[in-house]
2 protein chains.
Amino acid sequence: MTAQRQAGHDDGWAQRVRPAGAAFLLAQVGAYAAARFAERINELGLIPADAGVLRMIATRPGRSQQSLAEELGVVPSRVVALVDKLESKGLVERLRNPQDRRNYALHLTATGTQIMARMRGLASAHEDQICAGLDDTQRAQLTGLLEAIAAHQGLAPGVHPGYQQRPR
Amino acid sequence: MTAQRQAGHDDGWAQRVRPAGAAFLLAQVGAYAAARFAERINELGLIPADAGVLRMIATRPGRSQQSLAEELGVVPSRVVALVDKLESKGLVERLRNPQDRRNYALHLTATGTQIMARMRGLASAHEDQICAGLDDTQRAQLTGLLEAIAAHQGLAPGVHPGYQQRPR
DNA sequence: TATTGTTATACTCTATAACTATA
DNA sequence: TATAGTTATAGAGTATAACAATA
């Protein structure tokens with residue numbers, strides 16, 4: 001229980017604790033927000049990656065797996081697994097395109113559309129929970145600042161970078 | 001190249017694209033910031049998890065692996081692997097505690113201290129890059145808002161939630 | 001030949017559980 | 001018996017590369 005000290009190279013004494021900067025706070029609070037959202041949609045049997053794909057299909061129905069792979073910055077084989085899961089849960093269907101039978105047109109099923117509606121409700125409650133420490137003015141301010149950063153860094157609206165693996 | 005359409009359950013037409021809320025933007029920009037930071041420290045041969053452990057040891061030298069595991073919210077066996085790596089790179093040393101030979105006192109080596117200094121330089125540049133779209137006033141505003149959320153949600157200062165696995 | 005999607009495989013990360021040594 | 005740390009193992013997630021079908 002007691003923390004003993006021992007001679008070591010670092011020891012003049014502990015490093016002064018610096019206040020965290022905006023970038024670290026962004027990563028910290030962002031990861032926290034993502035984890036809380038993951039908890040919420042877990043009750044729908046989904047993980048965050050599923051939610052993102054579902055939303056991308058809802059936003060632009062009929063798109064191909066390739067287009068999904070490009071926008072997400074992942075390899076096509078991963079999209080196969082992602083869509084496989086959503087299809088097996090009955091949320092998404094692969095429709096053959098008669099003009100070019102190589103690709104699929106992805107669509108939500110009726111169930112998928114219902115799940116999307118529930119997800120929006122969960123997202124709204126999530127939003128309120130995360131911003132609970134702020135008043136309405138501050139909340140709008142925060143949104144504006146984050147939008148400015150996202151725009152300046154060239155982040156695609158609505159695309160979470162969490163799909164990509166380690167190197168970029 | 002042309003996106004064809006196909007009859008499907010979702011189709012009245014595409015969902016209206018909603019503006020992202022603060023919570024999604026937080027997760028998006030936060031993950032982006034984390035990824036950019038990972039790129040930077042990659043040149044030191046480190047990944048974000050290493051950086052966090054290094055900083056925690058620097059902040060409180062002599063602490064045990066157990067205390068690290070608790071604060072990070074991970075299982076002790078994972079700390080073994082984390083510290084193993086840092087020790088093999090010569091950044092951290094395990095000192096036996098003569099009073100209680102069960103636990104180790106973790107310390108930075110001289111090299112470890114140097115790496116910490118370089119990390120601070122990288123973090124500073126990273127900070128500037130992420131906030132490049134904001135002026136100084138906005139940057140301070142953002143920091144304040146994020147601190148408010150972190151405090152309200154009970155986030156431990158300086159502890160990134162990214163260590164924990166999926167459930168919580 | 002080029003493109004879309006799939007399968008097979010290997011690799012990385014992480015938790016679980018059993019274990020050693022010390023107390 | 002309890003605690004700090006370790007090892008062995010298994011599972012999940014993801015990329016790579018070879019492949020099949022279609023153009």
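Numbered from 1 within each chain, the chains take letters A, B, ... in sequence-line order.
For the OP1/OP2 pair of dT4(C) and a distance below 4.0 Å, the side-chain nitrogens and oxygens of Arg94(A) include no atom meeting the criterion. Listed pair Gln164(A) / dT14(D) fails the phosphate criterion, with no side-chain N or O lying under 4.0 Å from OP1 or OP2.
Between Asp50(A) atom CG and dA12(D) atom P there is a gap of 15 Å when expressed in whole angstrom units. Here the P atom of nucleotide dA15(C) and the OH atom of Tyr163(B) are 12 Å apart, to the nearest Å. Taking atom CZ on Arg63(B) and atom C1' on dA4(D), their separation rounds to 15 Å, with Å as the unit. Counting to the nearest Å, the P atom of dC13(C) and the CG atom of Asp84(B) are 14 Å from each other. If you take CD1 of Ile47(A) and C1' of dG13(D), they are 9 Å apart, rounded to a whole angstrom. Here dA15(C) presents its P atom at 10 Å from CG of Leu72(B), a figure rounded to the nearest Å. In this entry the distance linking CG of Leu68(B) with C1' of dT14(C) reads 16 Å, nearest Å. The CD-P distance, from Gln65(A) to dG5(C), rounds to 5 Å in whole Å.
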What's touching nucleotides 16-23 of chain D from the protein side, N or O pairs under 3.5 Å?
unit_1: dT16(D); atom_1: O4; unit_2: Ser77(A); atom_2: OG; d: 3.0
unit_1: dA23(D); atom_1: OP1; unit_2: Arg101(A); atom_2: N; d: 2.8

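Remark: Gln114(A) pairs with no residue by the side-chain hydrogen bond (donor to acceptor under 3.5 Å, both in side chains) rule, at least two apart or across chains. Remark: Ser124(B) pairs with no residue by the side-chain hydrogen bond (donor to acceptor under 3.5 Å, both in side chains) rule, at least two apart or across chains. Glu70(A) is linked by a salt bridge (Lys or Arg N to Asp or Glu O under 4.0 Å) to nothing, counting only residues two or more places apart in sequence or in another chain. In this structure, the ring pair (Phe, Tyr, Trp, His ring centres under 6.0 Å) partners of Phe37(A), at least two apart in sequence or on a different chain, are His126(A).
Once rounded to the nearest 0.5 Å, the distance linking CG of Leu68(A) with CG of Leu82(A) reads 7.5 Å.
Of the listed nucleotides (dA15(D), dG5(C), dT7(D)), dT7(D) has the atom at the smallest distance from the side chain of Val80(B).
Among pairs with a residue in residues 40-58 of chain B, those fulfilling side chain to side chain donor-acceptor pair (under 3.5 Å) read Arg40(B)-Gln129(B), Asp50(B)-Lys85(B), at least two apart in sequence or across chains.
Sequence order on DNA chain D of the closest nucleotides to Leu82(A) and Gln66(B) puts Gln66(B) first from the 5' end.
Residue Asp136(B) qualifies as open at atom CG: its count of foreign heavy atoms under 6.0 Å is 12 or below.
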